[in-house]
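Remarks on the structure that follows.
Convention: sequence-line order gives letters A, B, ...; per-chain numbering from 1.
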Protein chains: 2
Amino acid sequence: MISLTEENYLKALIYLSSLAPGIEEKKDVGTSELASYLKLKSSTVNEMLKRLKEKNLINHEKYKKITLTHSGERNGLKIVRKHRLWETFLFTKLDFDWIEIHEVAEQLEHIKSEKLVEKIDRLLGYPNFDPHGDPIPNKHGKIPQRITKTLSAVNKGEKCVVLAVSDTSRDFLNYLEDLDISIKTEIVVIDKIGYDKSIKIKIKHEQYSLSRKVADNLLVGVKLN
Amino acid sequence: MISLTEENYLKALIYLSSLAPGIEEKKDVGTSELASYLKLKSSTVNEMLKRLKEKNLINHEKYKKITLTHSGERNGLKIVRKHRLWETFLFTKLDFDWIEIHEVAEQLEHIKSEKLVEKIDRLLGYPNFDPHGDPIPNKHGKIPQRITKTLSAVNKGEKCVVLAVSDTSRDFLNYLEDLDISIKTEIVVIDKIGYDKSIKIKIKHEQYSLSRKVADNLLVGVKLN
DNA sequence: TTAATTTTTTAGGCAACACTAACTATTATA
DNA sequence: TATAATAGTTAGTGTTGCCTAAAAAATTAA
Ligand SMILES: [Mn+2]
Ligand SMILES: [Mn+2]
Ligand SMILES: [Mn+2]
Ligand SMILES: [Mn+2]
């Protein structure tokens, strides 16, 4: 039996080692990196690492980096799957706000019932991506792939569509809402300013200027037509 | 902040003191009664009672009975409300089995989000009773009333409809399923056997004999027409 | 390559929740 | 009413999951 707390550690390890937006290659994770992500002290994390190792969920040698075992990754992906399915449920079936779904899903992801997850998945029509554009692992842990780039990497004149955000802070999401940017929003890159790396974009005939920082945190797919 | 464990204590106290089927008058609850209901040791419960009293959720003097404070009752009713709404959701929206909904709801009842509860309530059309026929407290803690009696109390020749069960053990629910008895099942009392207090009933032209024990645990409303 | 900095681990403490064993108060019964 | 049975409390333990302070190892910089 994996406790709620342990589940959160596994999910954090998955995020830090491979799912973090933009990161393709698997990256080893250190104790303090994990601690700071979970807003805990390193000593606390260090203690939990012993328990996770004991349960064969991670590999960890004294003073070395942490990696997930097969079992650890599979269990972590189950939580990610549940989190994103619940977010999708809250968004599409209960009309929750794009911004509010995360913290409720943070609780719902820990409900233990295979059957419930599968029923929700079915109710939603087996979605591949959550409302933030993040891939939903299937029941076997397979993650749907999609080619994305940051908005900064889109060429002048190209049309693209927002697929995900790599910053999920309230501040950023609120700012996007002000700009009327959300998943599936279509953006045309009008111009790229070399001076401050900002870009001029057009959304439904409205023009805006976005800073480099904002453009870096918007993951898009380029529209071919 | 009320912990998951504390919530379960409050819900148990509500059940034992007033919601237990058949009980109309409020009843005071003792430490060991609560302990045995929660499958815990009296000493464990005793310790928790101190914490609940500290938080002003119960009244309790050494060696005396336990009663809920206003705050304790309101908070406990919130959990009962959530439990029964989730059961209704699982049953009506996800086609869960009558028998399975309870243990999943036991987890879902602890999800903290006012908004989520209200959205689920709305999605279900503000139901007054859950799939077991138990009343769902409204958001202000008001409990819908309904006049029920045990099947044992129904007179010979009368027609009635199953509204609730007072035993929710798997054994009992499975047995009912075998008999094809569930909420809203219509039952006609054919005969009452004085010898062993068993009763003969008819369900959709099929006749059965029910023991006193079974008849005592079926709560019904008598059909007037 | 030594010194400074950062990372990781250890040691010791604490609160929530569970337990057993032993004791005390209350209630029931003879 | 005295005693036996039951109910409730206290004391001492263990686990989980968090903390601070301090030591040890590894990494980075001078
Ligand atoms: Mn999320
Ligand atoms: Mn979580
Ligand atoms: Mn139930
Ligand atoms: Mn519960």
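For the pair A:Glu103 and A:Arg170, the salt-bridge criterion is met [side-chain N within less than 4.0 Å of a carboxylate O]. The pair A:Lys82-A:Glu87 does not meet the salt-bridge criterion, since no charged nitrogen lies less than 4.0 angstrom from a carboxylate oxygen.
Spacing between atom CG of A:Leu34 and atom P of C:dT7 amounts to 14 Å, rounded to whole angstrom units. One interatomic measurement links the two molecules: CG of A:Leu38 to P of D:dC19, which rounds to 10 Å at whole-angstrom precision. As rounded to whole Å, 10 Å separates atom P of C:dT9 from atom CD of A:Glu61. Atom NZ in A:Lys41 sits roughly 15 Å away from atom C1' in D:dG17 (whole-Å rounding). Atom CD1 of B:Ile2 and atom P of C:dA16 are 14 Å apart (whole Å). When rounded to the nearest whole Å, the span between CE of A:Met48 and C1' of D:dT15 equals 12 Å. Spacing between atom CG of B:Leu49 and atom C1' of D:dA7 amounts to 13 Å, rounded to whole angstrom units. A:Lys65 places its NZ atom 13 Å from the P atom of D:dA26, with the value rounded to the nearest Å.
Residues of residues 52-60 of chain A having a heavy atom closer than 4.0 Å to DNA chain C, listed by number: A:His60.
Proximity note for A:Thr44 (side chain, C-beta onward) versus D:dC18, C:dT20, D:dT9: the nearest is D:dC18. Listed candidates were C:dC17, D:dG17, C:dT8. Nearest to the side chain of B:Ser3 is C:dC17. Ranking D:dC19, C:dT9, D:dG17 by closeness to the A:Glu6 side chain, first place goes to D:dG17.
B:Thr67 and B:Asn59 form a side-chain donor-acceptor contact under 3.5 Å, judged by distance and modelled atom types alone. In the model, A:Ser169 has a side-chain atom that pairs as donor or acceptor with a side-chain atom of A:Asp167 under 3.5 Å. Side-chain polar atoms of A:Asp130 and A:His83 form no donor-acceptor pair below 3.5 angstrom. B:Asn217 and B:Ser166 are linked by a side-chain donor-acceptor pair at a separation below 3.5 angstrom, with hydrogens and angles left out of the test.
A:His132 and A:Trp98 have tilted rings, their planes meeting at an angle from 30° to 60° on a 0 to 90° scale.
Checked by atom type and distance alone, the side chain of A:Glu109 never pairs as donor or acceptor with a backbone atom of A:Trp86 at under 3.5 Å.
The phosphate of D:dC18 has OP1 or OP2 within less than 4.0 Å of a side-chain N or O from A:Tyr9. At the phosphate of D:dA7, neither OP1 nor OP2 sits under 4.0 Å from any side-chain N or O atom of B:Thr31.
With the nearest nucleotide of DNA chain D identified for both A:Tyr63 and A:Thr5, A:Thr5 has the one nearer the 5' end.
Heavy atoms of A:Ser32 sit under 4.0 angstrom from primed sugar atoms or phosphate atoms, though from no base atom.
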Subject >> Protein-to-nucleotide contact annotation, 5' to 3' order, nucleotides 10-15 of chain C [B base; S sugar-phosphate only; - none; under 4.0 Å, heavy atom] >> reply: B-----
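With sequence neighbours excluded, the residues that form a side chain to side chain contact (heavy atoms under 4.5 Å, CB included) with B:Asn138 are B:His140, B:Lys142.
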